[in-house]
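In listed order, ligands and their atoms are each counted from 1. From a predicted model like this one, the values you see are computed outputs, not experimental measurements. Just so it is clear, the values below take in all heavy atoms, side chains as well, and ignore hydrogens, waters and symmetry mates.
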Amino acid sequence: MLMQSARPLGELENPNEFIPRHIGISEADERHMLSVIGEASRRALVEGIVPRSIARTRGMQLPPATTEAAALEELRSIASRNQVFRSFIGQGYHGTFTPGVILRNILENPAWYTAYTPYQAEISQGRMEALVNFQTMVCDLTAMPIANASMLDEATAAAEAMTLAKRSVKSRSNTIVVAGDCHPQVIEVVQTRAEPLGIEVVLANSHEEWNEKLAGDYFAVLAQYPSTSGRIDDLKADVELAHTKQAAFIVAADLLALTLLVPPGEFGADIVVGTTQRFGMPMGCGGPHAAYLACRDEYKRSMPGRLVGVSVDAHGNPAYRLALQTREQHIRREKATSNICTAQVLPAVVASMYAVYHGPQGLKRIAQRVASYAAILAKGLEQLGHKPHRGSFFDTITLNTGEATDALVAKGHALHVNLRKSWEGFISISLDETTTRNDLKLLWSIFARPGQPVPDFAPFEKGVEPAIPQELRRTSAFLTHPVFNTHHSETGMLRYIRSLSDKDLALDRTMIPLGSCTMKLNATSEMIPITWPEFAHVHPFAPRDQLQGYAELDEQLRAWLCEATGYAGISLQPNAGSQGEYAGLLAIKAWHASRGEAHRNVCLIPSSAHGTNPASAQMAGMQVVVTACDDNGNVDLADLKAKCEQHADKLSCVMITYPSTHGVFEEQVKELCAIVHRHGGRVYVDGANMNALVGVAAPGEFGGDVSHLNLHKTFCIPHGGGGPGVGPVCVVEDLVPFLPGHKAGGLATHPVGAVSAAPLGNAAVLPISWMYCRMMGAEGLTQATEVAILSANYISARLRDHYPTLYASANGHVAHECILDLRPLKESSGVTAEDVAKRLIDYGFHAPTLSFPVPGTLMVEPTESETLEEIDRFIAAMIAIREEIRRVEAGEWSQEDNPLKNAPHTAAALMQGEWTHAYPREAGAAVLDERRHAKYWPPVGRVDNVYGDRNLFCSCVPMSAYE
Ligand SMILES: *Cc1c(COP(=O)(O)O)cnc(C)c1O
């Protein structure tokens with residue numbers, strides 16, 4: 001029988017089928033779920049959960065939802081307002097060819113982009129191998145012993161290097177000397193970050209100044225290698241001088257150049273940072289790209305960012321896991337080394353694969369080609385009477401063009417060529433992998449005076465030599481590990497990439513029910529635009545009239561997010577939630593200062609807060625005071641009030657998360673905001689949980705002054721295995737002037753400077769959130785919120801008799817996530833929350849959030865995108881696991897030898913000849929019937945974290961380890 005259609009035949013409009021495709025729950029599902037929860041309607045459920053005192057009184061003013069096709073067409077027309085010129089700007093952003101096999105099988109492949117941060121090591125071996133390749137690549141190219149994966153951008157990496165140096169060196173000076181010819185955006189971000197910490201940034205703008213400052217007192221030095229104008233300096237003597245002052249020498253280095261230049265590790269650098277953008281990631285108007293940070297071995301325990309290390313699994317085989325997490329923000333909080341949480345994993349994977357695919361010879365060939373083109377360009381320019389400012393360079397040459405500068409730049413624009421006016425009277429030209437002979441002719445034609453013949457390429461071609469001084473040429477080998485010398489055919493590469501993603505669980509195979517992380521659908525239509533050339537191939541510092549498409553995207557998205565949050569102003573510059581927090585706290589700090597109250601620096605943070613909150617407050621130079629939570633998991637209002645009074649004179653702000661990280665809508669949030677305001681403080685509302693609020697309540701309306709959003713949670717940017725993210729900072733009216741600036745990007749830097757390298761941060765992923773909002777409209781977004789709340793309450797209700805929910809509101813309901821309390825099981829069976837998390841792997845699931853914010857619990861967030869079928873499958877697995885625990889409780893299986901303690905089970909472990917465990921092999925495999933044909937097999941058994949941290953090893957494993 002044909003299904004009866006509600007729509008009349010002959011309708012002319014395409015129905016919007018995106019909303020029901022994004023939301024996994026049908027009307028029939030909804031009725032069933034409501035009956036389980038015991039509520040009459042979704043509306044009634046939500047109204048009973050979201051406090052009426054904060055409920056929105058007016059709808060969001062958004063354009064009506066449109067279809068996937070129509071949204072794509074509209075975005076195409078926005079994209080077409082970006083003009084893709086040939087860019088020779090350089091300054092840390094270069095043209096690059098993303099190898100097709102990497103573009104399609106990683107950057108555009110949900111198996112890679114929908115993965116979560118690799119906290120669950122056993123289901124993340126593939127992406128962690130790629131990240132170890134990244135770390136090895138950075139170590140080899142920089143000649144440093146240890147490197148992380150990854151940093152947010154080159155500029156923030158330089159700022160992190162500054163604070164790493166401050167923590168690590170013996171010098172007690174408060175001064176950092178920065179070479180004036182570092183990339184301007186690097187200098188800006190270092191200045192922004194230095195200020196709240198009381199660090200003095202001393203710029204050395206000439207050779208004389210450099211020598212003079214280096215003779216003084218400082219704790220660190222930062223130099224760019226090669227410099228922003230292309231100069232290659234021999235820094236050896238400077239490094240030695242810095243070391244005599246017990247100071248650290250930081251080098252910001254270009255990885256492609258390091259295939260030809262003596263690497264910083266060989267002349268004694270202490271920390272090396274940089275971007276890996278030109279290793280296959282499109283410029284994307286500034287991001288996302290992975291930056292790197294490598295350092296001396298002695299600094300490794302206070303390094304910022306994530307580090308992947310090698311450990312062993314339960315069977316003694318090598319296995320990867322995140323190393324030294326004890327130094328991270330979620331453990332160390334305000335004593336953390338940095339606030340980095342979401343990093344740039346997907347771009348780091350792309351960069352590592354670029355090195356795997358090209359290998360050391362291939363990379364060197366690319367670099368030599370670029371350097372040879374630069375040398376030829378210089379010869380031609382010299383013939384035209386423009387002698388390069390310096391005789392040695394890698395890919396960038398700078399010309400003293402004097403009065404003619406502006407005319408030359410304009411002539412370039414007329415030919416669709418972007419040249420960089422690096423200083424008054426100087427032009428810099430930067431070449432890259434994509435440069436052709438025609439490009440050089442085009443460049444020469446710009447510099448040829450009327451009637452002057454454009455030089456011929458051919459005579460320069462013979463015997464061309466890169467303009468790199470002999471003594472600075474690299475002689476040491478790099479990327480010698482087999483992984484960089486094996487997968488050079490496309491077939492081989494394709495299979496290597498596939499073999500890694502097959503080891504991992506991502507959203508393309510199972511729900512990832514992570515509380516606080518909102519792993520929802522990343523729709524294909526949302527993803528398609530990010531690699532359109534108009535978005536992917538524009539330079540962040542191209543003239544603004546070429547970036548009109550991005551300007552419009554920025555403006556529209558900010559307007560829509562203002563509607564969703566109730567705030568007056570937003571900046572999309574912060575490139576992760578943590579960076580949004582930092583920018584928001586800087587806004588509060590600068591606002592206080594503008595009123596003559598710079599002394600207000602106490603930041604109250606409830607004990608349940610995410611670790612990035614205290615870490616960001618510390619970076620903003622604030623004093624963190626922790627406030628208590630009551631037995632119901634709510635902020636203890638009496639304690640908060642007492643601390644507001646106690647610190648009234650110095651109160652800067654309070655940072656709360658709403659709904660709380662305990663998964664509850666606290667009734668008293670308005671009162672809380674009022675108390676803080678009464679004491680002269682501002683309220684920061686961490687917006688990571690906006691998926692429970694959009695369309696339902698707005699933090700900017702119920703008392704928040706500042707929030708950050710996580711577009712990579714609520715607004716559909718995929719998690720990428722741990723980044724990229726976008727962390728917009730949103731503020732009320734009187735804080736709008738305190739949003740981040742960006743001089744290199746054409747924005748004022750007073751009162752608050754740049755917080756990211758690029759003015760629009762991770763610009764190239766913004767189309768994803770734009771598409772989501774455009775296709776959902778106000779109605780779809782509100783429905784998404786309500787269904788997310790419905791699904792969380794359904795899980796909580798279904799699991800009530802098996803795993804009680806720890807915190808709920810008075811009527812027994814939760815917000816969009818629920819914390820399952822597993823602590824009593826430890827007593828009765830010896831089974832821990834971690835055992836259950838690992839056992840879920842056997843059942844083919846990614847574990848929920850483990851032991852955050854409460855140790856011994858699992859936090860589950862299904863999101864609106866999961867189908868009832870998948871949610872029920874998860875519930876069935878959880879109940880099956882509870883039954884297994886009962887058998888341990890009953891003494892049928894011992895507390896030491898049971899399927900939970902031995903989880904996850906690899907195929908190899910189950911197939912071994914003699915089976916010695918107390919439970920049958922089939923019980924170990926844990927195959928739910930409907931998955932018999934598609935069982936996920938973890939590649940390794942339970943990973944030993946302690947072993948790995950004691951025996952820290954963070955590079956590619958020598959082949960002998962597998963023997
Ligand atoms: C994810 C999260 C953050 C940090 O965001 P990143 O993008 O990972 O830096 C902060 N607070 C809460 C509550 C979060 O869940």
Requested in this report: Kindly give the heavy-atom pair with the smallest separation between Ala757 and His742, and that separation in Å.
Outcome: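 For Ala757 versus His742, the nearest heavy atoms are O-NE2, 2.8 Å.
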Taking the side chain as every heavy atom from C-beta outward, state whether [X] and [Y] have any atom pair closer than 4.5 Å.
X: Ile675; Y: Leu637; value: yes
X: Pro848; Y: Phe874; value: yes
X: Ser652; Y: Tyr684; value: no

Does an N or O from [X], backbone or side chain, lie closer than 3.5 Å to an N or O of ligand 1?
X: Thr657; value: no
X: Gly577; value: yes
X: His708; value: no
X: Thr661; value: no

Only heavy atoms count here, so choose which of Gln329, His719, Lys713, Gln579 is nearest to atom 3 (C) of ligand 1.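 Selected option, by shortest heavy-atom distance: Lys713.
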Practice item. With atom 10 (C) of ligand 1 as the reference point, say which of Asn613, Thr612, Thr849, Asn575 has the nearest heavy atom. Key: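 It is Thr612 that holds the nearest heavy atom.
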- request: Inspect the surroundings of CD in Glu195 and state if more than 12 heavy atoms from other residues, nucleotides or ligands are less than 6.0 Å away.
  value: no
Report, in ascending order of atom number, the atoms of ligand 1 lying under 4.0 Å from any heavy atom of [X].
X: Asp686; result: 10 (C), 11 (N), 12 (C), 13 (C)
X: Thr342; result: 6 (P), 7 (O), 8 (O), 9 (O)
X: Glu581; result: 10 (C), 11 (N)

When distances are taken from atom 5 (O) of ligand 1, the protein heavy atom at minimum range is Asn710 ND2, 2.9 Å
Checklist entry - Out of Thr863, Thr114, Asn691, which one pairs with Lys520 under the side-chain hydrogen bond (donor to acceptor under 3.5 Å, both in side chains) rule? => result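 Of the listed options, the one satisfying the test is Asn691.
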The side-chain hydrogen bond (donor to acceptor under 3.5 Å, both in side chains) partner of Thr612 among Glu581, His330, Gln579 is Glu581
Logged contact type for Ser578 with ligand 1, heavy-atom cut-off 4.0 Å, is both
